[in-house]
Amino acid sequence: MKKLMGAIAAIGLMAVALTGCSAGAAGGGGGHKVITVGFAQTGSESGWRAANTQSMKEAFSSKNGFKLIFNAADNKPENQIAAVHSFINQGVDAIVIAAVVTTGWDDVLKEAKDAKIPVILEDRTIDADPSLYASWIGDDFKKEGETAGGWAASTLGTTATNMVVLEGTTGSAPAIDRAKGFSSSIAGTSITTLDSQTGNFTRADGKTVMEGFLQKYGNKINLLFAQNDDMGLGALDAIKAAGLTPGKDIKIVSIDGTKDGLTALSDGQFNYVVECNPLLGDQVASVVKDVIAGKKVDKAYTAKDLAFDQAAAKEALPTRKY
Ligand code: GYE
C-alpha cells in the first residue's frame, strides 16, 4: 500500500512537471516546449541539396514543435564554423550540421559540449571524435561509389576505357568516400583514369571542368564518373558543344538520382545513376527529439539507396519526389 501511495505521489509529481513543461509552450508542439534547433547546411550547390533543405525545413516546422534557425554556408567551412558558434551563443537546444568538409570540427564541437548543446550530424560524416556528437543520419557514400564503379566494371571493364572524374567538394565526406568505393570496384579492370578534378558538386563547374578535359584529351575519353548528377548535367553541355554524343561516345555514370539526373538517364544521355536519398528530415527530427528527451539513440542511421538503369529510371520518374 505504501508502495502504491508512493507511486501515485510520483505520478502526481510527474503531472506537475509536465504541466510546468507545457506552460512554456509558445504555440504548436502539442503542449511541449518548443525546441530551438540551429541547422548548419552546406549551401545550395545541387538539386540534391535543395531537396535536403526542403525536407529539413518541413520536418523542423513549428507545427512539429520546432523553431528552426537555418544557415547555408555557401560551401565555405569557415562560414559554417561561424554559424555553429552563433548557434552556441544563441543557446539553441540542439545543433544539426551537414558538414562541408570532414576536418576542423574539434574545437567548436568541444564548445558545444561544454555548453551542453547536443550536436547531431546529418548527411555528411566528419573526422572528429564520436564522443563530440550524439548521432549521424545519412547515406553510405562508399557503397554508392562501389555501386557506380561496379556498373562501370561490369559494362566496360574488359575493353580499354579512358575515364575522367568530376569530384565533389574537396575534403567533403561524399567526395572522399565515393572515390574510394569507385576505385575499389574498378581495381583490376581495363578502366584507367585519365584525369580527376573537382567540380564542387555544381553544374557550372561540372561544365567548365569537362570543357578542360575535352580540350586536353579530345575524343580519347570514353567514360565520365560524375560524383553527383549536377556535375554530370553540366558536363552534357560541354560534351555536346565538342560535337560528341553523351551516353554513346562518352558513357556517364553519376550519383544522387534527382529528377533531372533520372531524366537524363531516361533520355539515354546518362547510362547509370546511383541513388543518394536526401529526404532525411523526419528521421533527423525524431533523433533530435529523442536526444533532447534523454533517450538512447544509435550512433549512426544509414538510409537505403537504390540504383537505376534506363528502364528503372523511366519507371521511377512519374512518382519521383525530388
Ligand atoms: O551528392 C551532392 C550534394 O552530401 C550527399 O552533396 C551529399 C552531396 C550530394 O551537393 O549533390
Side-chain angles (χ1 to χ4, degrees), residues 39-56 71-77 79-80 96-103 105 120-127 136-149 165-182 197-207 209 224-236 252-265 270 272-281 283-284 300-308 320-322:
F39 174 36
Q41 179 59 293
T42 58
S44 50
E45 67 281 359
S46 66
W48 190 98
R49 191 61 54 193
N52 180 247
T53 293
Q54 198 190 332
S55 163
M56 291 290 285
N71 180 275
D74 199 20
N75 283 285
K76 297 194 173 78
N79 289 1
Q80 204 168 36
V96 179
I97 304 172
V100 176
V101 292
T102 57
T103 53
W105 287 102
I120 290 89
L121 306 176
E122 85 107 22
D123 167 26
R124 297 185 179 177
T125 51
I126 60 174
D127 283 348
W136 164 83
I137 301 99
D139 297 78
D140 186 341
F141 307 135
K142 182 149 180 282
K143 197 162 151 210
E144 292 165 357
E146 277 166 12
T147 308
V165 180
L166 290 169
E167 303 163 12
T169 306
T170 306
S172 69
I176 296 166
D177 293 344
R178 287 172 182 172
K180 272 191 203 145
F182 197 98
Q197 280 177 41
T198 185
N200 297 308
F201 280 135
T202 70
R203 280 189 202 210
D205 290 359
K207 178 170 184 243
V209 175
L224 165 65
F225 168 35
Q227 287 186 354
N228 81 342
D229 288 350
D230 287 76
M231 294 188 293
L233 292 163
L236 292 180
I252 301 177
V253 53
S254 80
I255 299 176
D256 271 358
T258 56
K259 253 187 213 158
D260 288 354
L262 294 188
T263 302
L265 178 56
F270 280 7
Y272 200 71
V273 174
V274 179
E275 181 177 53
C276 178
N277 187 356
L279 307 179
L280 306 171
Q283 202 176 0
V284 179
Y301 295 90
T302 313
K304 282 214 170 62
D305 294 324
L306 306 170
F308 302 88
R320 197 71 180 157
K321 288 202 185 73
Y322 59 94

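The chain is numbered in sequence order, starting from 1. Hydrogens, waters and symmetry mates play no part in the numbers below; they use all other heavy atoms, side chains included. Both ligands and their constituent atoms are indexed starting at 1 by order of listing.
- Scanning both residues, Ala175 and Gln227, for their nearest heavy atoms gives CA-OE1, 3.3 Å.
- Here Ala148 pairs with Phe182, Phe225, Val253, Ile255, Val274 under the side chain to side chain contact (heavy atoms under 4.5 Å, CB included) rule; sequence neighbours left out.
- Phe141 meets the ring pair (Phe, Tyr, Trp, His ring centres under 6.0 Å) test with no other residue; sequence neighbours excluded.
- Listed by chain and number, Glu45, Ser46, Trp48, Arg49, Asp123, Arg124, Phe141, Pro174, Arg178, Phe201, Asn228, Asp256, Cys276 each place a non-hydrogen atom less than 4.0 angstrom from ligand 1.
- Residues Val101 and Thr170 share a closest heavy-atom pair of CG1-O, 3.6 Å.
- By the side chain to side chain contact (heavy atoms under 4.5 Å, CB included) test, Val209 is found to be paired with Leu166, Gln197, Phe213, residues two or more places apart in sequence or in another chain being considered.
- Donor-acceptor pairing under 3.5 Å is lacking for the side chains of Arg124 and Thr42.
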